[in-house]
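What follows is a single structure, written as structure tokens, with notes after it.
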Amino acid sequence: MDPAFKQCPKCQHLRTPEESGDAGVCPACGLVFAKWAGRDSFVPPSLRAKAAAADEAAPLAEITDRLLDAPRAVPAAHIHGRAAIWALLAFWGLRLALLDYRTDELLESFMHSIVIPFHEAGHVLFMPFGRFMTVLGGSLFQVLMPLIVAGAFFIQQRDAFGAGLGVWWAGASMVDVSAYIYDAADPQLPLIGGGTGADSFHDWIYLLDVFHQTRHSPFWGGLAHAIGILVMVAGLAWSAAVLWRQHRRREDVNPLLP
């Protein structure tokens, strides 16, 4: 008997020297060791490769299902309503992307009116963490708040479509911040407290000066603007993929649904 099979791999029977019979067969359960050792040979190589590929793809498929999670049977009005919201935000995002962040155009946009309360709240929220975080907290929180909303939709509500729109909002908030960053080198934007950064406190003059980057603010502002646009596009792409999957699932359940 092969030393590797002194103990049966199936029933765990341990052969004793007193036992006789075919050394290639387990005396307890009748397992033929040669067949057990060559069990993979009974499976065609193509099927083994397919099974291995499926095992490797399973974690990715699970993540995809979670990211694109959508109910199967919903009224058509639900999908059409979401599609209308998506189209509105896509148009709004395009308008924001085309505004000149090097001027005060972004400050005159409706989005700026939405994010400025979160900006001011961020200063208060991060006050316990020192002066640097207090100043940074304004811009940080106006971008962080939409991501918190996106996380709530995704984790608590299991609404991937809403989470995608939250990501869009974070990108739009970053586009809004880009004008403030760009302005630091040559402050022209009117501040809430009055004046400009030339005669009043300017968040990004202080923040960039900490790293001796104030004169490079046009670069950092342009970078923030580009990243903001990419984040908006990512959020719209995610929510569109969820909406399309929801539409397809609805048809799969019942193609005759109204």
Side-chain angles (χ1 to χ4, degrees), residues 88-151 163-238:
L88 175 64
L89 293 185
F91 176 75
W92 191 4
L94 179 62
R95 289 289 304 273
L96 287 173
L98 293 177
L99 292 177
D100 191 354
Y101 66 95
R102 297 165 296 183
T103 67
D104 62 352
E105 283 188 351
L106 279 171
L107 272 64
E108 297 173 356
S109 69
F110 183 60
M111 177 56 69
H112 184 70
S113 300
I114 294 174
V115 301
I116 197 64
F118 297 108
H119 181 101
E120 297 304 318
H123 288 310
V124 178
L125 184 65
F126 285 89
M127 196 174 292
F129 303 102
R131 180 172 174 77
F132 180 85
M133 288 304 300
T134 299
V135 177
L136 177 62
S139 298
L140 179 62
F141 192 61
Q142 78 174 66
V143 176
L144 186 61
M145 185 62 195
L147 295 178
I148 294 173
V149 172
L165 298 188
V167 171
W168 174 90
W169 179 16
S173 295
M174 186 171 291
V175 167
D176 181 83
V177 170
S178 69
Y180 202 9
I181 299 174
Y182 181 91
D183 184 64
D186 182 22
Q188 302 292 328
L189 297 181
L191 303 177
I192 291 180
T196 68
D199 50 22
S200 301
F201 185 81
H202 189 296
D203 290 2
W204 282 95
I205 291 178
Y206 168 80
L207 294 170
L208 291 173
D209 189 55
V210 170
F211 301 100
H212 309 290
Q213 292 291 308
T214 304
R215 65 189 181 92
H216 298 300
S217 69
F219 167 77
W220 295 114
L223 181 62
H225 187 260
I227 293 174
I229 292 174
L230 290 176
V231 173
M232 283 197 297
V233 171
L236 289 173
W238 183 11

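All values below come from the heavy atoms of this structure, side chains included, with hydrogens, waters and symmetry mates left out.
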- When you look at T196 and Q188, which way does the side chain to side chain contact (heavy atoms under 4.5 Å, CB included) test go after all the steps? CA-CA 6 Å; T196 68; Q188 302 292 328; 5.6 Å; no

query: Is the shortest heavy-atom distance from the side chain of H119 to the side chain of Y180 under 4.5 Å?
result: yes

Notebook entry, point to check: Is the backbone of D209 close enough, under 3.5 Å, to the side chain of T214 for a donor and an acceptor to pair up by distance?
Noted result: yes

Here the gap from I116 atom CD1 to D176 atom CG, rounded to the nearest 0.5 Å, amounts to 7.0 Å

Rounded to the nearest 0.5 Å, the CD1 atom of I114 sits from the NE2 atom of H112 at a distance of 11.5 Å

For the rings on H123 and F141, is their centre-to-centre separation under 6.0 Å? no

Aromatic plane relationship, F132 with F211 - under 30° parallel, 30 to 60° tilted, over 60° perpendicular: perpendicular

CD (E108) and CG (L99) are apart, to the nearest 0.5 Å, by 9.0 Å

All heavy atoms of V115 vs all of W169, minimum pair found to be CG1-NE1, 4.0 Å

Correct closest heavy-atom pair for P190 and L107 would be O-CD2, 3.9 Å

Taken to the nearest 0.5 Å, the spacing of T103 OG1 from L189 CG works out to 8.0 Å

Rounding to 0.5 Å, atoms CZ (F118) and OG (S139) come to a distance of 14.5 Å

Worksheet item: Would the number of heavy atoms belonging to other residues, nucleotides or ligands and lying under 6.0 Å from CH2 of W220 be above 12?
Response: no

With R102 as partner, the option from D100, D104, L106 fulfilling side chain to side chain contact (heavy atoms under 4.5 Å, CB included) is D100

For I229 and A97, the nearest pair of non-hydrogen atoms, with its separation, is CD1-CB, 3.8 Å

- [ ] Report the C-alpha separation of F91 and L96 in whole Å, then their side-chain angles, then the decisive distance to 0.1 Å, and conclude whether the side chain to side chain contact (heavy atoms under 4.5 Å, CB included) test is met.
- [x] CA-CA 9 Å; F91 176 75; L96 287 173; over 6 Å; no

When rounded to the nearest 0.5 Å, the distance separating CG of L230 from NE2 of H225 is 10.5 Å

In terms of heavy-atom contacts, G221 and S178 come closest through O-CB, 3.3 Å

### Query
Do P218 and Y182 have side chains that get closer than 4.5 Å, going by heavy atoms?
yes

Check your understanding: Hey, are the side chains of W92 and M111 touching, using non-hydrogen atoms and a 4.5 Å cut-off?
Key -> yes

Next on the checklist: Could you go through L208 and H216, starting from their C-alpha distance and side-chain angles, then the distance that decides it, and tell me whether this counts as side chain to side chain contact (heavy atoms under 4.5 Å, CB included)?
Outcome noted: CA-CA 8 Å; L208 291 173; H216 298 300; over 6 Å; no

Please assess W204 against V177 for the test side chain to side chain contact (heavy atoms under 4.5 Å, CB included), listing each intermediate value before the final yes or no.
CA-CA 10 Å; W204 282 95; V177 170; 4.1 Å; yes

*asked:* With a 4.5 Å cut-off on side-chain heavy atoms, are F201 and L191 touching?
replied: no

field: Side-chain touch V143/M174, heavy atoms, less than 4.5 angstrom
entry: yes

Minimal heavy-atom distance between A170 and P146, with the atoms involved, is N-CB, 3.4 Å

